[in-house]
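The block underneath contains the structure these notes are about, expressed in structure tokens.
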Amino acid sequence: MPESKVYLPHERVTRGARINSIAEYQAMYEESVNDPEGFWAAQAEEMLEWKEKWDTTLEWDFEKPHVAWFKGGLTNASYNCLDRHANGPRRNKAAIIWESDSGRSKVYTYQSLLTKVCRFANVLKDHGIKKGDVVAIFMPMVPEVVTAMLACARIGAIHTVVFSGFSAQALRDRMQDSGAKAVITVDAGKRGGRVIPLKAMADEAMLECPTVKKCIVVSHSRATVDMQPERDFYYHEETRRRDISNDCEPEWVDAEHPLFILYTSGSTGKPKGVVHTTAGYLLGTALTTKYVFDIHDEDIYFCSADVGWITGHSYIVYGPLAIGATSLMFEGIPTYPNPGRFWEICEKHGVNQFYTAPTAIRSLMKSAPDAPNEYDLSCLRILGSVGEPINPEAWQWYYDVVGKGKCSVCDTWWQTESGAHMISNLPGCTPMKPGSASLPFFGVQPVILREDKTPADIGEEGRLCIKFPWPSMLRRMWGEDSEKRMMDNYFGQFPGHYFSGDGAVCDEDGFYWLKGRVDDVINVSGHRMSTAEVEAALNSYGDVAESAVVGYPHEIKGEGIYAYVVLNDGVEASDDLRKMIIGHVRKDIGPIAAPDFVHFVPDLPKTRSGKIMRRIVRKIAAGETDKEGFGDLSTLVDPSIVDTIIETRPNQ
Ligand code: 7RM
């Protein structure tokens, strides 16, 4: 491991921080792992409000796997995020500040958000949605997306937010898999000045989703849309109805009642529906928001993620609102109308905590390295990073130029499945080593294992596993065979442990260094993408015989998508065909899955058992041409194909 610089938190961050000495962190961490049930029970009492207390704090068996926290307890996520603040001194505090693509902003107080949520919850009930029903949400970053999520939570319906950058077909797949009863969408989305016809896409998806009986449309862009009678209703018309009440008693649900499903990519072609439950998830997001971002009551917190991803769920909506913070959400993109947009927002609203992804940092560092100096960023105290390992250059720019050397950079490692931060420095106490996510959060027990399941040594790379349950962890996979899929994906590889899919090293100070995915999942601009999923899309194109997709190092995106494509006999490779194939993947999955490279090859390097030798295609994609480093090629059916592929590699 390279010798790294170490930075101590600046005195202005430490002063007033909830935890400002490493000894205090250590003591609390020890307590959390020596008596996890006692620790989490105390936190659950302090951080959440309960209609009724739970019977058992924890049930668990990682061999099955089975995990339940706070069973028998009754609560409601919407109540915890809204009512308890709206009924107290935070009544008129901003819950959500919404900044539009074009630079307008709107403020929703706890009180006003509660009323909106109650009215919309009543609308949903009126349309037949009840506890346990699944509601798909296909919306961009408009304020109503928060209302929609919390309205579902209020009545015990399970939301499944589908990223608005996905295609109609991706939406269809997720609505079919989840058995959604309704979909909430907008007429059209606006991003970076572009208009995306979301309602029309939902229409296309609904053609093949017989379970979806209702579609509620938020009017956002004044776009004309087709409205099908009995099925489609406008949000503004429904929520303004005179027979709709301002009050809606929350549905008190068991702690383990599902709060939402979020689809994420695994190593197979089909996205998995990760199920999160109410109390544990809310507790995990609330506690991490409190300690990792050290949010105080007067702070303004800005997370630049999209609500279509777990980061938006946990750190725009549930975590911040559960602790009564002000959460700023931004409709647009970092480079429109110019690459100073984030910094302009930070200045305009006096942002204290800013949370974004390394890919955005790299892109802004490259396109406008001095832009942060043109704005007053003196309110910033904490700079968060998430989605992939942050490279030391990007870390340094974030720390020096954005943070002026006076902010803590918090590198937060976690996953859709973990629900909340797992490994991160705490801003007021943990020394920062650029590129290391540093130390485990309270209650998190990581271990690094070798492939033979024995523990790796200090400094030795292995697989990052977790050996004890944490409240915000996924509970199951939506759909059939949940236990088997949980075993296959997470608990089967290292019996008795949750396996994250990431490689990592732990150094002599106990700091964790993440090394990226060790499975067939690639990380493109912080978005998880399964290579098998992109291959399935490529293979469904008529002229394509087969394909192999791998990630390759990309300056801005972290990893780019490199596709090897074998065409059917008699089909000529051409630039037009390449464009058509890329267009097909965009339509099938969405623009984020479009290959950066399509390399037409006569065949793929396959072993006698028919497996594509992935390490070879990975190396060639990364630009390696020296076969010496390729390892043993003798098991290939036709070793000469390797030369052909190297010779035909297009220039980047
Ligand atoms: C939150 C999120 C999860 C995968 C995970 C890692 C990678 C995320 C970091 C990171 C190194 C980080 N959820 N990852 N954060 N790697 N350092 N701080 O991204 O489900 O979409 O992706 O992302 O590989 O397994 S996710």
Side-chain angles (χ1 to χ4, degrees), residues 161 163 165-166 260-267 271-274 276 281 284-285 288-289 292 303-316 318-319 355-362 383-392 394-395 398 409-425 430 432-441 444 446 448 461 463-466 472-474 477 489-490 493 498-506 511-531 533 551 557-559 592-593:
V161 182
F163 174 53
F166 277 135
F260 64 86
I261 308 166
L262 189 60
Y263 285 85
T264 188
S265 298
S267 31
K272 307 171 285 200
V274 167
H276 280 291
Y281 172 81
T285 54
T288 49
T289 308
V292 175
C303 166
S304 78
D306 191 287
V307 281
W309 310 112
I310 191 69
T311 306
H313 282 62
S314 302
Y315 297 111
I316 292 177
Y318 289 108
Y355 192 29
T356 196
T359 184
I361 299 169
R362 284 193 299 269
L383 300 171
S385 173
V386 60
E388 57 177 311
I390 178 164
N391 50 308
W395 192 98
Y398 203 27
V409 171
C410 291
D411 181 354
T412 60
W413 177 82
W414 60 295
Q415 310 179 292
T416 303
E417 293 85 346
S418 76
H421 299 151
M422 298 293 278
I423 300 180
S424 175
N425 49 309
T430 320
M432 292 170 271
K433 300 189 191 184
S436 168
S438 82
L439 302 171
F441 189 72
V444 175
I448 298 184
E461 183 168 340
R463 318 260 141 149
L464 179 57
C465 297
I466 313 288
S472 65
M473 69 185 289
L474 82 167
M477 313 262 68
N489 284 299
Y490 308 108
Q493 297 90 334
Y498 166 85
F499 171 44
S500 66
D502 281 5
V505 182
C506 186
F511 277 46
Y512 289 86
W513 299 76
L514 278 299
K515 299 286 173 186
R517 302 287 305 196
V518 295
D519 51 12
D520 290 322
V521 171
I522 54 178
N523 193 324
V524 185
S525 300
H527 296 151
R528 248 168 91 165
M529 187 70 54
S530 132
T531 56
E533 201 179 337
K557 299 182 181 184
E559 276 186 292
I592 52 167

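Since this is a predicted model, take the numbers as computed values, not measurements. First listed ligand is number 1; within each ligand, the first listed atom is number 1.
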**Asked** Is the shortest distance from a Lys or Arg side-chain nitrogen in R362 or E388 to a carboxylate oxygen in the other one below 4.0 Å?
**Response**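 Looking at R362 and E388, the cut-off is met.
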* Charged N to carboxylate O below 4.0 Å: is that the case for R517 and D502? ->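 Salt bridge present between R517 and D502.
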For a 4.5 angstrom cut-off between non-hydrogen side-chain atoms, does C303 reach T311?
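In contact.
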- Message: List the protein residues in contact with ligand 1, where contact means a heavy-atom separation under 4.0 angstrom.
- Response: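 Only I310, T311, V386, G387, E388, P389, D411, T412, W413, W414, Q415, T416, D502, L514, R517, N523, R528 have heavy atoms that fall under 4.0 Å of ligand 1, ordered by chain and number.
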(Q) Donor-acceptor pair, distance only, cut-off 3.5 Å: does the side chain of H313 make one with the backbone of W309? (A)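 Yes, because the side chain of H313 sits within donor-acceptor range (under 3.5 Å) of the backbone of W309.
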**Asked** With no hydrogens and no angle check, is any side-chain donor or acceptor of T356 less than 3.5 Å from a backbone partner on S304?
**Response**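 Looks like no, no N/O pair under 3.5 Å.
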- [ ] Please report the shortest heavy-atom distance between L464 and A504, naming the atom on each side.
- [x]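 The pair with the smallest heavy-atom distance is CB-CB, 4.0 Å.
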